[in-house]
Amino acid sequence: MSIFNTKERYGAVAIALHWIMALMLIALIVMGLYMVGLPDAGFDKTKITLILYHKELGLAALLVATIRLAWRTGSDLPTLLSTLPYWQKVTARFVHLVFYGLMFALPISGLLMSSAAAIPVSAFGMVELPDLVAPSEDLFRRSIQVHRWLGYALLVLIGIHAGAALMHHFVKRDDTLQKMVTPRRAR
Ligand code: HEM
Ligand code: HEM
C-alpha cells in the first residue's frame, strides 16, 4: 500500500481525504436541509443546537478541504481510464473542479452569513473567529440564498458523480471505483 498518488492510481491519503470529505459534506447537506425546516422559537432548542453543530462541522470541512487541496496540488493526478470517451473525461474533470470550488464556497458563504448577521462563529469552542464583514441585513439575506443554492448544486453534482461511479462499477465493470477504494501496492 502506498500513501502517495501515482500517474495511474490514488494513494491512501487521497483516498482517505476523499471519503472523509464525502461523509462530512453529505452530513452537512442532510443536517442543513433538516434544520432549516424546524420551528424557530419556543422552548425547543433543537434548531439552534443543530445550527451550532452545522457551523462547527462546516468549519472542520473547510479545514479538511484546505489540506485536501494542498495534497492534490502537491501530488500526481492519476489519469482517468483510457477507455472513457472524451466527453466523459472532460465532464468528470469539470465536476471534480467544481467540487473543489464548492468545498470552499459553501463554508465561506456560511461564515459570511454569520458575520453579516453579527452572530459570532466559534472554532471548535476554542477561539471566536473575527468578523469577515460589518453587520448587514441585505448581505445576510443574500448569503443565505447563495449558501442554499450552492448546497443544492453540491447535492445534484454528488448525485451525478456517485451515479457515474456506481454505473462504471456495476454496469461497465471497469476499475474507476476501485481506484478510489484500493491504494496502489508499493512495488
Ligand atoms: C461545506 C460546508 C457546508 C455545507 C455543505 C453546508 C450546507 C448547508 C445546507 C444544504 C443548508 C440548508 C440551506 C437551505 O435549505 O436553506 C445550510 C444552512 C445553513 N448553513 Fe451551511 N453548509 C456548510 C457550511 C456552513 C458553515 C461553515 C456555516 C457557518 C459558519 C454554515 C451556516 C449555515 C446556517 C446558519 C444555515 C441556516 C440558514 C437558514 O437559516 O436558512 N454552513 N447549510
Ligand atoms: C460529497 C461527495 C463527493 C465529493 C465532493 C467528491 C469529489 C471528488 C473529487 C474532487 C474527485 C477527484 C479526485 C480528487 O481530486 O481527489 C473524486 C474522484 C472520485 N470519486 Fe468522488 N466525491 C464525492 C463522493 C463520491 C461517492 C459517493 C463516490 C462513489 C459512489 C465517489 C467516487 C469517486 C471515484 C470513483 C473517483 C475517481 C475517479 C477517477 O479518477 O477515475 N465519490 N471525487
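As the structure is a computational prediction, the values presented were derived from the model and not from experiment. Atoms within each ligand, like the ligands themselves, are counted from 1 in listed order.
Not a single heavy atom of His168 sits less than 4.0 Å from an atom of ligand 2.
When only non-hydrogen protein atoms are considered, atom 28 (C) of ligand 1 lies nearest to Gly110 CA, 3.6 Å. The closest protein non-hydrogen atom to atom 27 (C) of ligand 2 is Ala162 CB, 3.7 Å. Counting only heavy atoms of the protein, atom 34 (C) of ligand 1 lies nearest to Met113 SD, 3.7 Å. Scanning all protein heavy atoms for the shortest distance to atom 13 (C) of ligand 2 gives Tyr10 OH, 3.4 Å. Atom 41 (O) of ligand 2 has its closest protein heavy atom at Lys179 NZ, 3.0 Å. Nearest protein heavy-atom contact of atom 3 (C) of ligand 2 is Ala22 CB, 4.1 Å.
Comparing Met180, His96, Arg9 by heavy-atom distance to atom 12 (C) of ligand 2, the nearest is His96. Between His18, Met24, Arg72, His169, it is His18 that holds the heavy atom closest to atom 31 (C) of ligand 2. Of the options Met21, Arg68, Gln178, the smallest heavy-atom separation from atom 9 (C) of ligand 2 is shown by Arg68. Distances from atom 35 (C) of ligand 2 to the heavy atoms of Ile29, Thr176, Val95, Val181 put Thr176 nearest.
Counting atoms of ligand 2 from 1 in the listed order, those under 4.0 Å from a heavy atom of Ile158 are 1 (C), 2 (C). Using a 4.0 Å cut-off to heavy atoms of Ile144, the atoms of ligand 1 that qualify are 41 (O). Counting the atoms of ligand 1 from 1 in the order shown, those under 4.0 Å from a heavy atom of Gly58 are 24 (C), 27 (C). Atoms of ligand 1 found under 4.0 Å from any heavy atom of Tyr152, numbered from 1 in the order shown, are 15 (O). Within the listing of ligand 1, atoms 9 (C), 11 (C), 12 (C), 17 (C) sit less than 4.0 angstrom from a heavy atom of Gly32. Shown in contact with Leu25 at under 4.0 Å from a heavy atom are these atoms of ligand 1, numbered in order with element: 1 (C). The contact set between ligand 1 and Leu33, taken as ligand atoms under 4.0 Å from a residue heavy atom, comprises 12 (C), 15 (O). Under a 4.0 Å criterion applied to the non-hydrogen atoms of Tyr100, ligand 2 contributes the atoms 10 (C), 14 (C), 15 (O), 16 (O). Interface atoms of ligand 2 facing Trp19, defined by a heavy-atom separation under 4.0 Å, are 26 (C), 27 (C), 28 (C), 29 (C), 31 (C). Per-residue contacts place Leu80 under 4.0 angstrom from the following atoms of ligand 2 (heavy atoms of the residue considered): 39 (C), 40 (O), 41 (O).
For the residue pair Asp44 and Thr46, a side-chain donor N or O sits within less than 3.5 Å of a side-chain acceptor on the partner.
Under 2.8 Å from atom 21 (Fe) of ligand 2 lies an N/O/S atom of His161, whether from backbone or side chain.
The proximity of Met103 to ligand 1, defined as any non-hydrogen pair under 4.0 Å, does not occur for either the backbone or the side chain. Proximity of Met35 to ligand 1, defined as any heavy-atom pair under 4.0 Å, is confined to the side chain (atoms from C-beta onward). Counting heavy atoms under 4.0 Å from ligand 2, residue Trp71 does not touch it at all.
The same ILVMFWY cluster, assembled from side-chain heavy atoms under 4.5 Å apart, contains both Leu111 and Val133.
Looking at Asn5, its side chain does come within 3.5 Å of a backbone N or O of Asp76 through a donor-acceptor pair.
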Tyr10 vs His18, test: ring pair (Phe, Tyr, Trp, His ring centres under 6.0 Å). Steps then yes/no. CA-CA 10 Å; Tyr10 292 99; His18 174 270; 7.8 Å; no
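In terms of polar-atom proximity, defined here as any N/O pair under 3.5 Å, Arg148 does make such a contact with ligand 1. Checked by distance only, ligand 1 and His54 come closer than 3.5 Å through their nitrogen or oxygen atoms.
No side-chain heavy atom of Thr176 sits under 4.5 Å from any side-chain heavy atom of His169.
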